[in-house]
Every structure is written in structure tokens, then in C-alpha cells.
Amino acid sequence: MGQCRQCLPGALAIAGMAVVFLPVLPGLLPLAQGLELAVWRGLLADAQTLVALRVTVISSVVSTLLALLLALLLTMALYPGPRWPALQRRLPALLAMPHAAFAIGAFFLLAPSGWLARWLAPLAGWDVPPDWQTVRDPYGLSLGLLLAVKEAIFLLWMLAAVLQEGALQRQMTLARSLGYGRWQVWWLCLLPQVLPRLGWPLLAVLAYGVSVVDVALILGPGSPPSLAVLAWRWLADPELALQARGAAASWLLLLVFLLLCGCGLLLWRLLRAAWRQPHGRRWAGASWQPRWLAWPLLGFCYLLALALLLWSLAGPWFFPAALPQSWTLAGWQQLDTAPLFTSLGLGLASAGIGLALVLLWLECGPPALSRWLYLPLILPALPLAAGQYHALLMAGLAGSGFGVVWSHLLWVVPYMLLTLYKPYLEFDTRMITLARSLGLSHWQRCWRIKWPLLLRPILAALAIGFAVSIAQYLPTLFAGGGRFATVTTEAVALSSGGNRRVLAVQAMLQLVLPMLMFALATLLGQWAGRHRQGWR
Amino acid sequence: MLELHNAALRLGDAPLFSDLSFAVAAGEVLTLMGPSGCGKSSLLAWLLGALPPAFSATGELWLGGQRVDGLPIEARQIGILFQDDLLFPHLSVLQNLLLAMPPGPAAQRRERAGQLLAEVGLAGLAERDPATLSGGQRARAGLLRALLAEPRALLLDEPFSKLDMALRGPYRQFVFAQLAARGIPAVLVTHDPGDVPPGGRVLQLADYQESAHV
């Protein structure tokens, strides 16, 4: 980074990022109408608002805290040990699973008429689905619980990066030699060091939980829905007064997010005070290590993917039966392929443009500004997507393919940067010095030495950028003006209807597209290195 | 008294050494030497109870008349000093020591820790962040922490190798004096013959292996 002496590429890198990020700011101006007192009165007078607020607070707090708890519990049980690397290898595939597909699969598994209930039916003697609210409960609990499972995978992935450092493992050994069992070592020695490093990922999880719309439509309550869904509906309403109310609700969302961040910080302060005075007591019998703990999490994810596959191939399937009465390919044969190709095109375009922007930035951009590029990941997406829409309206680009790709880039770029930043930083600079001594110019060094050597992280970044684009729901709807049907918007739209087979097919497509891209990236990386043992 | 009976260590299928026995008396330091890969660090890891899963070991480890090789690390009461001091970076120097000390009345523990810090020339550094200490100060605090856990034996895994030459000699003497004063048996792994305490026994692990094969 920063090796580029010419001004032009550096300016180009900044300009590229500015085009992605800055137009959102004037786009936020129309949301200022949501700051007027009269609008707020209307918002608070609406009977739905407070209930929706309760759903949002419950689901986002449950998802964030429980995701943290799950991820930490699994890590404490498996690290250090042989099962930890095994779990790490399974994470990317689970991470690539889009939220909407995960939610639909979870719905198929857990709904009162879902697969699990069908297994239990013979034992419980059910002839009709039980009258339980296992999903879409009015408090948003099931929404929070299932988001927690999905986000726990993300946090585990983040933890894996932190725990790669050898020092932590040696500290664990040392603390155990002082007489502490592994759980107490985690509590006293590792947690205080690991938790601060999880701060940003936790903010991202919270921001996601507060502003998620697609998963809330699938697993959240219907009337009233969560605050983000409510705000989005108001913003999309043709009536101007309701649009203003939607803008006010977006601000309320941001306020809730900031307040919850504050609570999180307070909780962390309290926790830190508890570590201040080591009392020296050793807990007896604290070396219990439930190595099987990863299986419920992994099993749940595999089962819900299986449930999607099953339903996409199911003929008639009446309630208590554990398997469909007959099988059919009709769902796949009658598939409307237009959303598939739209998704593919948007994903490839966003990932390709994103990669060019990120590589240019890493090579020539000012590293000090990099941290600002992560901002979209830790802010609620709803106001940003609305801001993008207004910016596109001003530019006359709303509803264009260009506009949709541009809107995806705001999330694609930070995730790609996150993936490539570390490999780029750790690149052996002696290679570059050597290449310079051989007389290679800056771009020759990139093309012939650096980028080929970084091929694997670059391919991984492409796959991640693609997956992020595929999963976008709000930006696609806003920027596309409802004219772009992707596998994600189709899946979410179908989730409120009755045809489970068609829904399962769309969710499967949404699941399979990013998986294929990850598989392709892995295969390409292996193929490229087939004759080079030192480069794998 | 630390006793090792008929120890054998394998890496996968390859034997590193076999039929190794020794006894270390209270206050004695036994030095293990040998080329890289001879298994001396792995032996230390096994004594501690932290043998990596790629290795397998047989043999008996006795501490003060009790067999401990089946116990987990935290139940063995065997301390370790690594190359790095590994003071916990989120705790102050004093908190690092308090963590190691057995439980008791808070005021008494603090007083004792402060007293020991003063004895080893670290008076006034109790509330400091370990990262702001010099290498020699950190090394002394690290040893103090290991000793405060009241171990029945101490393992030394090249603990002097990262210190610069000027600090090495005094720190070495300091460690040996503390061990002798407390009557703790110790096993030292090192590459540097200069680390061997005066008159101390040295076990050459590679030679041992060869002689065992003859």
C-alpha cells in the first residue's frame, strides 16, 4: 500500500470510492423531513410504532447477545483442540448461505407444519399442525433466535482470525499450569483480550439485527412487523405524509441502534470491572469440554438446507407425513429463470467492479481512510438504502441496472476490502523489492508478481462480493424501483404466499448461487497452483 | 522430588527417544540439551501435560510421591517459564501476580505480592502495564508469577534465550537462587551451554537416544 508515487492512480482510487460512498450523503437529505416535530407526533401516535419498536429491540438484542454467547461457548469448548480447525473449515460454506435462504429453510424446519413437527407428530399424536407460534411470534423472539444462529457463524469466523495468534494458546497453557481449568482460563485470561477485538463485528451484527427487512418478513411477526419493515413500507408508500413518517422511523431506528450500542458499552465496562481483582480461587472440576457442541449448530444448518431441497422436489405432502407422498421435478421445470440471470448479472458486475475498486484502493489509496470504508457494515442499512434511492432519483438513474449495481457496491466493497486487507498487508514486501531490482514497473509488479501470488485471497474476495450482492434485498428494491426481480426478492415475495414448492426452488437458487461461486473460487485456486508446491 | 520412569515419546510412528528415566531433587536444576527435533521441548510439554496431539508418550511421572502423568495441566502443580514472559496483557503487573497466588484475604495477598516485588527489585511497578516494563523486569515478573502459584516443580523452556547478553547472567542467577531457596525441582531445556547452572547435571537427549540404541 502507498507504494504508488504517481498522483493519478491515487486520485483515481479515491474518486472510485467517492462515487460509491459519497452520493449517499445528499440522498440522506430528504430523510430530514423525518426530523420535524409534527411528523414524530404522527409516528408516536401510530398504534403500530411502539409494538414494532418492541419487536425490533427484542429481536436485535436477542440476536446479538445470543450470537455472541453461542460463538463464545463453541469456541471455549473447541479451542484449542483438533475440532476447532475442523469447525473453521466448515464456516465459509455456512457464511455463504444468504440470510433469506437461511430464514426460509428455518421456517420449513420449525414452523408448526414444518419438518420437525412432522417428525414429532407420531409421538405427540398430532393430526393437524400444533397451535404453536414457533415462528412469526408477536414479540420477535423466533426472529431473534434464528438471526442469532446465523450471526454466530459470522462471529465464529471473526474469532477464528483472532485465535490464529500463537500467543493466546501459550497463555492458555501457562494459565492452566497456574492451576486454572480451561473454562476459568477463558473467563479470566482469554475473554478480556478477545472481546474487545469482537467489538466491530458485534456492532455489525447489531446493526444488521436492527435494520433487517428480508429475514423479518419471513420469520418476524406480521402486524405490526418490526420497525425496519414498517419504516420501509412507509418510505415506499406513495402518500407523502407516510413517506415522512417512514423517514422519521428511519431516524428512530438509528436512535435505537445508538442506544443499544451505548448499553453494550456499559455492559462491557461492568464486565471489565469484574476482572479487576483476581481472587485466586480455582474452580474445581472446570476442565469439562463438550466437544460435541458444534454438532447442534452444524446439524441445524444442514437440516434446513435439506428441508429446502426436499420441499423443492415434493409433490403433495400432507401434514403428519414425515416425507412427501410423491416427488416431482415440476418446481424446477416450471422455473422462471429471469430472476436467476438478473441475480447472476448483478452479482458478477458488482463483484468485478468491486474488485477493481478495492485493488486500486489497496495499491494506491490512502490507508488512513480505509477505516471509513467499513462504515456501511456497522450502520443500519435501511437509511442508507433509502439515501441511495434519493440520490439515484436526483441523478435520474433510479430503476436502471447501473443504479442497482451501484447500490450493491456500498456493501460489496467493504466486505471485499475486509477479505483482502490482511493478505495484502502481510504480503512479503521483499518480493516487491526484488521485482523492482529486476526493473519491473509498478503495474508490472502488480500484474506479474503481487496479484498472481495473492490469487487465492482475490478469488475468495470475488466470491464474497458475489455472495453479498446476491443477498441484497433492500437496495435491490429501492434502487431498482421494484423493476429488478432477483432470486432474493422473489424468494422473499413468495415467502408470504402458499406455494411452498416454488418458494423452496427460489430459496435453493439463492443458496446455490453463492455456494457455486465459492466452489469455483476454490477449484480455480487449486488448479492455478497445481504445478507449484510452494504456492498453495 | 520429580521422578521420570521409562518415558518414551513418539511423533506419529517415529520414536524420538525411549526408556528415559531421571530424578530431580528439591532445589536441583536438571538441564536437557540436544539438537533441534530431538524431542526435548516435547518432553517438557508432556511433563507439563500439554503434549500436542501429533505426539504420543508412555512412562510415569511422579511428583513428591504422587503419580501425576494422568492429571490435566491444572491439577499437576507444575509451573512453566517460556521464552516470552507471557504476562497477561490485559492485567497490571500486580493483577498478574494476584491471579497466580492461592486465594486468601485480599489485603494480605496484595501485601505479600508487593513485598515480593520489592524483593526482586520491582518495587513501585505493581500498577504498571506489563507492556511498559523492560525485558529484564518482565522476565522477573514472569518468574515471580510462576513461583507465586506455589508449584511443586518448574519447567524452564529456553527462558533466557530472548534476553540480551547483559541481562542474561544476572537473570539466570536470580532464577537458580529462587529455585534453590524454595526447594523446587526444575527441568531446563536450552541450546546454550552457558545456561547450565554451576555443577548442574546435564542430560544430552540425542546421546541418550544413541546410547539406548547400542
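Within every chain, numbering begins at 1; the chains are lettered A, B, ... in the order of the sequence lines, protein sequences first and strands thereafter. Heavy atoms only: backbone and side chains are in, while hydrogens, waters and symmetry mates are out.
The 12-atom threshold is exceeded at CH2 of A/Trp268, counting heavy atoms of other residues, nucleotides or ligands nearer than 6.0 Å. Remark: A/Trp275 CH2 is packed, more than 12 non-hydrogen atoms of other residues, nucleotides or ligands lying under 6.0 Å away. Within a 6.0 Å radius of CZ in B/Arg128, other residues, nucleotides and ligands contribute more than 12 heavy atoms. Heavy atoms from other residues, nucleotides or ligands lying under 6.0 Å from CZ of A/Arg291 number 12 at most.
A side-chain donor-acceptor contact under 3.5 Å links B/His90 to the backbone of A/Leu188. The backbone N or O of B/Leu86 lies less than 3.5 Å from no partner atom in the side chain of A/Gln171, so there is not a single donor-acceptor pair. Using modelled atom types, no side-chain atom of B/Arg145 and backbone atom of A/Leu178 make a donor-acceptor pair closer than 3.5 Å.
Rounding to the nearest 0.5 angstrom, the gap separating the CD atom in B/Glu74 from the OG1 atom in A/Thr173 is 10.5 Å. Atom CZ in B/Arg110 sits 5.0 Å away from atom CD in A/Gln277 (nearest 0.5 Å).
Neither the backbone nor the side chain of B/Asn96 comes within contact range of chain A, judged by heavy atoms closer than 4.5 Å. In this structure, chain A has a heavy atom under 4.5 Å from the side chain of B/Leu91, while its backbone stays farther away. B/Arg76 does not touch chain A: none of its heavy atoms, backbone or side chain, sits under 4.5 Å away. Using a 4.5 Å cut-off between heavy atoms, B/Ile78 touches chain A through its backbone atoms (N, CA, C, O) alone. For B/Ala50, the part lying under 4.5 angstrom from a heavy atom of chain A is the side chain only.
Using non-hydrogen atoms only and a strict 4.5 Å limit, no part of residues 68-93 of chain A faces chain B.
Shortest non-hydrogen contact noted between B/Ile80 and A/Ser177 is CG2-OG, 3.6 Å. For the pair A/Gly280 and B/Pro103, the tightest heavy-atom approach, listed with the atom from each and the gap, is O-CD, 3.2 Å.
For the 3.5 Å distance criterion, the side chains of A/Arg170 and B/Gln83 fail to qualify, holding no donor opposite an acceptor.
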